[in-house]
Amino acid sequence: MPTRATKRGDERTPLDLDCDVLICGASFAGLTVARGLAGSPSRPRVVVVDRYEIGERQTSACAVPLPWLELLDLTDAVRQTFRRIVAHTATRTFSWALPEPFATFDYRHLCELLAAQGDFTFETAKVESRGPAPRPGEPIEVTTDRGPIRAPLVVDALGWRRVLAPASEATIQPPEAHLSRGLEVHPEGTSGELALYLNPRYVPDGYAWSFPAGDEVRVGVGSFDPHEHVKEPTVRLADDLGRPTDGFQGNWIPHRLRPATGDGVFFVGDSAGHCLPLTAEGIRPAFHFGLVLGRELRHVVEGRQTREQALGRYASLSAQKHPAYRWLLRLQRLVGRLIPHRRTLDAALGAASPFSISTRAWGAYLRTLSTSAWGAAPSAATPGRRVAARPAPAPSARS
Ligand SMILES: Cc1cc2nc3c(=O)[nH]c(=O)nc-3n(C[C@H](O)[C@H](O)[C@H](O)COP(=O)(O)OP(=O)(O)OC[C@H]3O[C@@H](n4cnc5c(N)ncnc54)[C@H](O)[C@@H]3O)c2cc1C
């Protein structure tokens, strides 16, 4: 269970701050943006706020393609690596080689490593609202439960709630919104299998998983239909696997891209709907768009572009991925329709299983957001082995 370390009582002093860049949210997306600003010769004053201490609150099974951890020099947080992924249907098992290894990692450790690569002041505060759209050059005021913080560059990396959305934007509330929902338990145990379950016994429109991470196994259920409850299916899967139901954690998961900017604010990660539909893989997109946004903001603080130019460029770089996201959403709908039809599902997965087809399909999926866009070579890690860290290359100007 996570330890709550958030400041309480007298430690919760009032805030009234001005800075150059305010990053709201200290998880995958926000910390990656902060990393991109570190070492800038213009030494921007960067403030990161989160309602919890860094790494305090895990909301993910923390599985990611290993090359992303290598790129960002985060491999010390790796708990286990995998060269294959296994899909269990009600009656059959399919095992696919992965063109890139996947890794599960320790959330707190990874956040600490990522934060250590940044150069910022951190405050625990709940972000509540924002002021009106600024005129060029003017700061935006963000209200927190400890007081206001003003900055010309404001990032919302707060997750699916999109707290700093423009007032004109229609608010989306589950279960009516374009959101999936996920819940998992983290019992102690070991396994060598990175496993998916496509079985209506657990969820008719979605998938379940069992992701080992060293001495614990993350067992959960994700439903593409936000109306479906996932607690009972999670307990059922854990029971079927003989795992205790320890350490529940869950969240809503966006499955549609949203505008990446709005009224002067930059959105990144789940707040911009960057989580990939079909798989609900959101860490890799948070890293990718965090790097993109970090680079754009760095150009602003170094006087190489204005905030307005950065808003335009970043919005368009995010929107360029629309076609890929639309495809994945279509596939998500198709898979959702197939799961209740066991024979058709088995036939479709069987047809996709020959090595040449499955590695091509996984390769296409992984290239949606690939480390090669940042100049990294593919990883050659060995299964089950921890990988030595190497320095992360500087982001290239592509992607
Ligand atoms: C059960 C489950 C399992 C998952 N497993 C995987 C997986 O294995 N691999 C994968 O790639 N993706 C997975 N995902 C998706 C992934 O967790 C998200 O896409 C990812 O966390 C998004 O990162 P983010 O930085 O945008 O937002 P988040 O990780 O949600 O971080 C948002 C941050 O903002 C803070 N915050 C929120 N509101 C406020 C506020 N008002 N004031 C101050 N701070 C606030 C939060 O404390 C948090 O630190 C999973 C999701 C779920 C629900």
Side-chain angles (χ1 to χ4, degrees), residues 2 4 6 22-34 48-65 68-69 79 82 85 102-105 107-108 110-111 114-115 122-130 142-146 149 155-164 174 179-186 194 196 206-213 218-223 226 230-231 234 247-255 258 267-290 293 366 369:
R4 294 283 155 79
T6 305
L22 171 61
I23 300 172
C24 303
S27 185
F28 306 111
L31 293 174
T32 308
V33 176
V48 177
V49 292
D50 198 291
R51 56 188 168 169
Y52 302 113
E53 290 291 344
I54 292 174
E56 186 181 333
R57 213 164 187 210
Q58 179 171 342
T59 55
S60 164
C62 294
V64 70
W68 281 92
L69 302 185
R79 285 207 172 164
F82 308 87
I85 190 162
F102 264 66
T104 47
F105 60 82
Y107 179 73
R108 181 187 287 268
L110 180 128
C111 288
L114 198 48
F122 177 71
E123 297 287 350
T124 50
K126 182 171 183 241
V127 176
E128 292 176 338
S129 60
R130 50 161 298 167
V142 169
T143 305
T144 76
D145 63 344
R146 291 177 56 202
I149 310 179
V155 175
D156 179 334
L158 295 167
W160 67 268
R161 275 196 186 80
R162 206 172 155 88
V163 177
L164 301 182
L179 295 164
S180 304
R181 69 197 303 177
L183 184 70
E184 62 184 16
V185 287
H186 286 192
L194 188 71
L196 304 175
Y207 71 95
W209 61 87
S210 166
F211 291 173
R218 296 156 186 175
V219 174
V221 172
S223 173
V230 283
K231 181 158 186 192
T234 301
F248 276 99
Q249 64 169 38
N251 207 350
W252 297 96
I253 311 169
H255 58 233
R258 312 195 66 199
F267 297 87
V268 63
D270 278 8
S271 76
H274 284 146
C275 188
L276 296 168
L278 179 63
T279 55
E281 207 202 323
I283 302 168
R284 174 162 59 116
F287 287 155
H288 174 83
F289 288 105
L293 181 53
L366 290 167
L369 297 168

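Numbering of ligands and ligand atoms starts at 1, following listing order.
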Looking at ligand 1, is there an atom of it that comes within less than 4.0 Å of some heavy atom belonging to [X]?
X: Thr59; result: yes
X: Gly220; result: no
X: Glu184; result: yes
X: Val64; result: no
X: Ser271; result: no
X: Arg57; result: no

Would you call [X] and [Y] a side-chain contact if the rule is heavy atoms closer than 4.5 Å?
X: Ile85; Y: Phe102; answer: no
X: Leu369; Y: Phe287; answer: no
X: Phe28; Y: Tyr107; answer: yes

For [atom], what's the nearest protein heavy atom and its distance?
atom: atom 4 (C) of ligand 1; answer: Ala61 N, 3.4 Å
atom: atom 44 (N) of ligand 1; answer: Arg51 N, 3.0 Å
atom: atom 12 (N) of ligand 1; answer: Gly282 N, 3.0 Å
atom: atom 6 (C) of ligand 1; answer: Ser60 OG, 3.2 Å
atom: atom 45 (C) of ligand 1; answer: Leu158 CD2, 3.4 Å
atom: atom 14 (N) of ligand 1; answer: Ala280 O, 3.5 Å

Heavy-atom closest pair, residues [X] and [Y]:
X: Val48; Y: Ala34; result: CG2-CB, 4.3 Å
X: Ala29; Y: Ala157; result: CB-CB, 4.1 Å
X: Gly25; Y: Leu158; result: N-CD2, 3.6 Å
X: Ala213; Y: Arg218; result: CB-CZ, 3.5 Å
X: Ser27; Y: Asp50; result: N-OD2, 4.4 Å
X: Leu366; Y: Arg284; result: O-NH1, 2.9 Å

Inset, instruction - Mind checking whether Pro285 contacts ligand 1 via backbone (N, CA, C, O), side chain (CB onward), both or neither, at a 4.0 Å heavy-atom cut-off? - result: neither
Inset, instruction - Specify side chain, backbone, both or neither for Thr104, according to which of its non-hydrogen atoms lie closer than 4.0 Å to ligand 1. - result: neither
Atom indices of ligand 1 within 4.0 angstrom of [X] heavy atoms, with elements:
X: Gly25; answer: 34 (O)
X: Ala125; answer: 42 (N), 43 (C)
X: Ala157; answer: 32 (C), 33 (C), 34 (O)
X: Tyr52; answer: 47 (O)
X: Ala63; answer: 7 (C), 8 (O), 9 (N), 10 (C), 11 (O)
X: Phe28; answer: 20 (C), 21 (O), 23 (O), 25 (O), 29 (O)

Purely on distance, is any nitrogen or oxygen of [X] under 3.5 Å from one on ligand 1?
X: Gly269; answer: no
X: Asp270; answer: yes
X: Gly159; answer: no
X: Ser27; answer: yes
X: Cys62; answer: yes
X: Ala29; answer: yes

Legend entry - Expected output: side-chain Glu281 to main-chain Val64 donor-acceptor under 3.5 Å: no
Inset, instruction - Could you tell me whether a side-chain N or O of Arg181 sits under 3.5 Å from a main-chain N or O of Pro226, the two making a donor and an acceptor? - result: yes
[X] side, atom [atom1]; [Y] side, atom [atom2] - distance, nearest 0.5 Å:
X: Leu183; Y: Ser223; atom1: CG; atom2: OG; answer: 11.5 Å
X: Thr144; Y: Glu128; atom1: OG1; atom2: CD; answer: 6.5 Å
X: Arg161; Y: Asp156; atom1: CZ; atom2: CG; answer: 11.5 Å

Legend entry - Options Val49, Asp50, Val127, Leu31, ranked by nearest heavy atom to atom 42 (N) of ligand 1, top entry: Val127
Inset, instruction - Under the side chain to side chain contact (heavy atoms under 4.5 Å, CB included) rule, what do Ile54 and Phe122 come out as? Steps first, then yes or no, please. - result: CA-CA 9 Å; Ile54 292 174; Phe122 177 71; 3.7 Å; yes
Legend entry - Residue among Arg146, Lys126, Glu123 satisfying side-chain contact (heavy atoms from CB on, under 4.5 Å) with Val49: Glu123
